[in-house]
Amino acid sequence: MGSVSDQESEQVLLEQVLDSFDESANPRLVEVVRAAVRHLHAFVEETGLTREEWMTGIEFLTDTGKKSVDSRQEFILLSDTLGVSMLVEIVNQMATDVATDATVLGPFYVPDAPLMEMNAFIGREGDDVAPLTLAGTVRSAKGGVLEGAVIEVWQVAPNGLYDVQDAKGVFPNFRATFRTGADGTFSLRTSRPIDYQIPTDGPVGTMLKATGRDSWRAAHTHFRVSCDSYKTVVTHVFDASSPRLHSDAVFGVRESLVVDMSGPTATFDVTLDEV
Ligand code: BEZ
Ligand code: FE
């Protein structure tokens with residue numbers, strides 16, 4: 001523990017940095033930056049961070065930036081594996097919401113996947129190794145069914161890779177768009193999703209290994225559901241039989257999103273809030 005004068009100089013330094021934003025014309029930016037500064041200073045004080053550890057952190061973040069390209073966002077993966085992305089989802093979902101719970105978007109969403117007919121198979125021939133129909137109804141928070149809601153789905157193929165990761169595979173694969181019918185229902189055919197590993201060939205993988213962390217995600221299919229005049233929901237439906245529901249690498253599992261996928265058909269109803 002530092003002496004009284006050390007603590008005073010740390011406090012003086014913090015106040016100086018916080019005051020340095022006084023002239024900004026953007027109050028929200030200042031609020032966020034000041035909070036970040038307060039937490040960063042507290043982190044350095046709490047851990048007694050050494051110069052070497054500070055430099056290791058700088059190098060880690062530099063490597064994270066270098067690994068990030070359009071098709072691979074290592075900073076989002078870092079946010080995901082530290083539970084920050086999930087916290088952002090929870091904080092942004094108001095307590096009064098009756099809408100379907102949100103979870104992380106993940107790095108493998110691609111907009112404008114092909115529109116398919118009701119009940120179409122979203123993979124390629126031969127990939128229906130564990131046939132599963134996912135079906136449900138999209139409703140408004142007031143209870144009425146929503147016709148024409150757009151359902152975008154994506155998941156790993158039975159080889160444990162997303163189409164965008166698989167240099168030997170085809171694109172799109174296990175990725176499609178559907179629209180609900182007049183009764184608000186949708187139905188699609190897929191292969192039962194499996195547990196898979198998030199990318200570990202970058203700094204985030206190094207961090208997971210160094211800290212004894214698991215890199216597996218609980219089996220899921222991603223959903224992005226949108227409809228005019230309603231708030232879009234980005235979520236997953238999880239397989240209740242996955243052994244990783246309680247050790248998901250990105251902390252994305254929410255109780256309300258877990259369904260029984262052991263039969264030929266699994267039901268996943270979605271509720272959207274009005275804008
Ligand atoms: C995914 O579910 O696709 C995913 C989410 C976060 C990090 C990596 C993958
Ligand atoms: Fe995923």
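In listed order, ligands and their atoms are each counted from 1. Worth knowing before you read on, the calculation uses all heavy atoms, side chains too, and leaves out hydrogens, waters and symmetry mates.
Checked by atom type, the side-chain pair Arg192/Ser241 shows a donor-acceptor distance below 3.5 Å. Residues Asn26 and Ser24 bring no donor and acceptor atom of their side chains to less than 3.5 Å of each other. In summary, the side chains of Ser215 and Gln197 do present a donor paired with an acceptor at a separation below 3.5 Å, with no hydrogens or angles considered.
Using a 4.0 Å cut-off to heavy atoms of His220, the atoms of ligand 1 that qualify are 2 (O). Contact atoms of ligand 1 toward Gly106: 4 (C), 5 (C), 6 (C) (distance under 4.0 Å to a heavy atom of the residue). Listed by number with element, the atoms of ligand 1 under 4.0 angstrom from any heavy atom of Phe108 are 3 (O), 9 (C). Which parts of ligand 1 touch Val250 is read off a 4.0 Å heavy-atom cut-off, strictly below it: atoms 6 (C), 7 (C). For ligand 1, the atoms lying closer than 4.0 Å to a non-hydrogen atom of Arg217 are 1 (C), 2 (O), 4 (C), 5 (C). Near His222, meaning under 4.0 Å from any of its heavy atoms, are these atoms of ligand 1: 1 (C), 2 (O), 3 (O).
Counting heavy-atom neighbours within 6.0 Å of Glu15 CD, excluding the residue itself, gives a total above 12.
Contacts with ligand 1 closer than 4.0 Å are made by side-chain heavy atoms of Tyr196 only, the backbone lying farther away. Counting heavy atoms under 4.0 Å from ligand 1, residue Leu77 touches it through the side chain alone.
Salt bridge Asp22/Arg34: present, at least one basic N to carboxylate O contact under 4.0 Å.
For atom 9 (C) of ligand 1, the nearest non-hydrogen atom of the protein is Pro107 CD, 3.3 Å.
A search for side chain to side chain donor-acceptor pair (under 3.5 Å) contacts involving Thr177 returns nothing, not counting sequence neighbours. For Phe251, the ring-ring contact (aromatic ring centres under 6.0 Å, His included) test picks out no residue, with sequence neighbours left out.
Using bins of under 30°, 30° to 60° and over 60° for the plane-to-plane angle, the ring pair Phe108/Tyr162 lands in the parallel bin. Between His220 and His222, the two ring planes are perpendicular [angle over 60°; tilted spans 30° to 60°].
Under the 4.0 angstrom criterion for non-hydrogen atoms, Tyr162 is in contact with ligand 1.
Apart from Leu115 itself, the hydrophobic cluster it occupies contains nothing, where clustering links Ile, Leu, Val, Met, Phe, Trp and Tyr at side-chain heavy-atom distances under 4.5 Å.
For a threshold of 3.5 Å applied to N or O pairs, the pair formed by Asp80 and ligand 1 contains no separation below that value.
The side-chain hydrogen bond (donor to acceptor under 3.5 Å, both in side chains) test with Arg254 singles out one residue from Gln93, His236, Glu89, and that residue is Gln93.
Protein-derived N/O/S atoms nearer than 2.8 Å to the Fe ion (ligand 2) total 4, waters excluded.
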